[in-house]
Engineer: 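Have a look at this one.
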Amino acid sequence: MSFQAYLDNVETKTGKTPNDFIKMAAEKNLTEYKDIIAWLKSEYGLGTGHAKAVAYVIQHGAEFELRQTTGTHRDESGTLKLDGKDSK
């Protein structure tokens, strides 16, 4: 599963886009990785992998190092779409 697919699955499960999570974490003043993970797991029922994907974008934004260029974990670019899977 690609990084973007993790974020899209979180949106399907929670109804929240990555930008929504970024805003909510800022409002709650959550900056520590462990605190973000605990919040996502307890409040939204996310598993570890999905929580880590959201925590990454909360802390680092849309840009990431592109590592997988082939296979099921492939991402097409090193930039994530944070405004929702249905946005253009």
Engineer: Walk me through whether N9 and E11 qualify under side-chain contact (heavy atoms from CB on, under 4.5 Å).
Structural biologist: CA-CA 5 Å; N9 285 341; E11 183 180 352; over 6 Å; no
Engineer: Should V10 and K16 be marked as a side-chain contact (heavy atoms from CB on, under 4.5 Å) after you check the CA-CA gap, both sets of side-chain angles, and the distance that decides it?
Structural biologist: CA-CA 7 Å; V10 168; K16 307 286 185 202; over 6 Å; no
Engineer: Determine the minimum heavy-atom distance between A25 and I58, stating which atoms define it.
Structural biologist: CB-CG2, 3.8 Å
Engineer: If the condition is side chain to side chain donor-acceptor pair (under 3.5 Å), which residues does T17 pass it with, not counting sequence neighbours?
Structural biologist: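 T17 satisfies side chain to side chain donor-acceptor pair (under 3.5 Å) with D20 only.
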Engineer: Would you mind listing every side-chain hydrogen bond (donor to acceptor under 3.5 Å, both in side chains) that reaches into residues 30-48, with sequence neighbours excluded?
Structural biologist: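 Residue pairs passing side-chain hydrogen bond (donor to acceptor under 3.5 Å, both in side chains), neighbours aside: W39-E43, K41-T48.
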Engineer: The test is side-chain contact (heavy atoms from CB on, under 4.5 Å); show your working for L40 and H50 and say whether it passes.
Structural biologist: CA-CA 9 Å; L40 293 168; H50 289 96; over 6 Å; no
Engineer: Partners of L82 by side chain to side chain contact (heavy atoms under 4.5 Å, CB included), sequence neighbours excluded?
Structural biologist: L7, P18, N19, I22, V57, A62, L80
Engineer: Can you tell me how far NZ of K52 sits from CD1 of I37, rounded to the nearest 0.5 angstrom?
Structural biologist: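 Result: 7.0 Å between the selected atoms.
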Engineer: Quick one: side chain to side chain donor-acceptor pair (under 3.5 Å) partners of K23, sequence neighbours excluded?
Structural biologist: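 Once residues adjacent in sequence are excluded, K23 has no partner under the side chain to side chain donor-acceptor pair (under 3.5 Å) criterion.
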